[in-house]
Amino acid sequence: MQTLFLRGPSATLRMIIFVIISLALMTVDHRWKHLDAVRNTLSYLLYPVEYVVDLPIRLYYWGEETLSTQQNLLDENRRLRDLQLQSRVQLQKLDILEKENERLRELLSATPKTTEDHLIAEIIAVDVDPYRHFIVLNKGTNDGTYKGQPIIDAHGVMGQIVYVNAMTSTAMLITDVSHAIPVQIDRTGLRSVAFGTGQTDYLDLRHIPHNADLRVGDKLISSGLGERFPRNYPVAVITKIDRDTGETFIDVRAEPLAQLDTSREVLLVWTQNHEKAMPEPEQPAETPEEETVEKPAEEPDKEVVEEPVDAVE
Amino acid sequence: MLSSNLKVAILSLFVAFMLTIMPLPGWVVEFRPDWVTLVLIYWAMALPARTGVTIGWLVGLMLDVSHGAILGQHALGLMLVIYIVHIQHQRLRVASLVQQAIVIFFLLLLKQLIVLWVSGIVGHAPDTWLYFMPTITGAMLWPWIYIIMRDIRRKFGYRANY
């Protein structure tokens, strides 16, 4: 170790070997995505770092809860109770509608709409990469999360999980440049795909012809094509339509409804293809295993999927 | 077991990773210097016998995981930077801080370019010149990082390990 001149050729040789390993690793990771085990192992080492960074914020919330006055808590309690009462009234109606919907679907002998499981996850306050729209959640495989799992908040679809570790998972938001979500116009049932743009405030709807019936203010809901996102969750609202007759397609922008950069808590959704940790097989016959598409439903405009546009409107 | 230098090195890398993922207000996010690379460059200069290409590659792999990037992207960049520092450490050590900062600028630029190149191939390269801001802020911060790290090492690690 005390040599004046370090072993030069050996460092160069190692450099060349590592260049080759890196290139191979990147190819394997990008093409086949079989390196989750490596990623998981390394993320164990990173977990303490994430924990420490998140600690002040966690302490702040803890302090806010512990140090708030009784009056505040009582007020909040009353407000929440009122809210719960209102929600429950609405839920009663929804319950009846859901039953009715199910009956009608049976009459049509359409596939039964299964209910989804939910779990609340907290966003860990870490910045991943300023040019990617990733968030880190405090739930991992220990809680049964899986790769490709949709996440939503109180206002709409937020994104999907891309890497799962034991205690945390990384999710890609719908605004990330490499994300796309199959959607449907609430009013007309027109199907499209909303692409992330890398900007937090809008999504792009591509390949929409000039004669499409679209208006500013139309709501986009998830269409469930691609079998990754559950159906009928709000995604975005159309904010701008640019009909340039010189172009082949119109330029449509939509603003995501989910509060992508402010919510602290999100909801993990278990769709019908993936049962939650303790599986109770309901229809084991028709669960398609493992889809391998990265972007759900590449061009749904072209594929003719017969799907009833909501049995009950 | 662990020598005190190694403890200090691990702790400094831990802090560097913390600074890398710490949430910042939106307008400074793009200026955040590449702390991990800067700290590792320092250790490659100070303890070249310990901080070689292998360590550079492994730390780069951690950086990949923390960034949610393709495995190997930052690892390749960081490893090449550490390789250059490793073979040139004797020249770098005697250079003045300003000269060092200029070299560091090009080293950081090399890493940014490699990361950008891979992102471009995969298809999500950032399309703003702000992407290169960390290179400039990193080079500007280098003299302070160097002095702080050196003082920390002299205080807590023992000297003359090389």
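We name chains A, B, ... by the order of the sequence lines, and we start the count at 1 in each one.
Atom CZ of A/Phe249 has more than 12 neighbouring heavy atoms from other residues, nucleotides or ligands inside a 6.0 Å radius. Within 6.0 Å of atom CG in A/Leu59, more than 12 heavy atoms from other residues, nucleotides or ligands are found, so the atom counts as buried in its surroundings.
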- Output, in order, the C-alpha distance, side-chain angles, deciding distance and verdict of side-chain contact (heavy atoms from CB on, under 4.5 Å) for A/Tyr131 and B/Glu30. CA-CA 9 Å; A/Tyr131 299 103; B/Glu30 276 120 348; 3.3 Å; yes

- B/Leu71 and A/Met26: CA distance, side-chain angles, deciding distance, side-chain contact (heavy atoms from CB on, under 4.5 Å) verdict: CA-CA 6 Å; B/Leu71 287 181; A/Met26 285 189 279; over 6 Å; no

- Message: Using side-chain contact (heavy atoms from CB on, under 4.5 Å), reason through A/Asp29 and B/Gln73 one step at a time and then give a plain yes or no.
- Response: CA-CA 10 Å; A/Asp29 195 24; B/Gln73 189 175 3; over 6 Å; no

- Query: When you look at B/Thr54 and A/Phe18, which way does the side-chain contact (heavy atoms from CB on, under 4.5 Å) test go after all the steps?
  - Reply: CA-CA 8 Å; B/Thr54 316; A/Phe18 276 123; 3.7 Å; yes

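Considering only heavy-atom pairs separated by less than 4.5 Å from chain A, the leading option among B/Gly52, B/Gly56, B/Ala69 is B/Ala69.
With a 4.5 Å cut-off on non-hydrogen atoms, A/Pro56 does not touch chain B at all. For a residue to count as touching a neighbouring chain, one of its non-hydrogen atoms must lie under 4.5 Å from one of that chain's; by this rule B/Thr20 touches chain A with the backbone only. Neither the backbone nor the side chain of B/Ile82 comes within contact range of chain A; no heavy atoms are under 4.5 Å apart. For A/Arg39, the parts sitting under 4.5 Å from any heavy atom of chain B are the backbone and the side chain alike. The parts of B/Met18 that come within reach of chain A are both its backbone and its side chain, each placing non-hydrogen atoms under 4.5 angstrom from that chain. Only the side chain of B/Val118 comes within contact range of chain A, with heavy atoms under 4.5 Å apart.
Counting heavy atoms from C-beta on, the side chains of A/Leu25 and B/Leu61 come closer than 4.5 Å. For the pair A/Val53 and B/Pro23, the minimum side-chain heavy-atom distance is below 4.5 Å. Residues A/Tyr163 and B/Val65 are not in side-chain contact: their nearest non-hydrogen atoms beyond the backbone lie 4.5 Å or more apart.
Summarising the geometry, atom OG1 belonging to A/Thr170 is positioned 12.0 Å from atom NE2 belonging to B/His67; distances are rounded to the nearest 0.5 Å. Within the model, atoms CZ of B/Phe14 and CG of A/Leu46 stand 9.5 Å from one another, a figure rounded to the nearest 0.5 Å. The distance from the CG atom of A/Asp129 to the OG atom of B/Ser119 is 7.5 Å, given to the nearest 0.5 Å. If you take CD1 on A/Ile57 and CE on B/Met22, they are separated by 9.0 Å, rounding to the nearest 0.5 Å. The CZ atom of A/Arg14 sits 13.5 Å away from atom CH2 of B/Trp57, with the distance rounded to the nearest 0.5 Å. B/Leu63 contributes atom CG, which lies 11.5 Å from atom CG of A/Leu42 (distance to the nearest 0.5 angstrom).
What you find for A/Met15 and B/Met79 is that their closest heavy atoms are O-CE, 3.5 Å. When all heavy atoms are compared, the tightest approach of B/Gly72 to A/Ser22 is O-CB, 4.0 Å.
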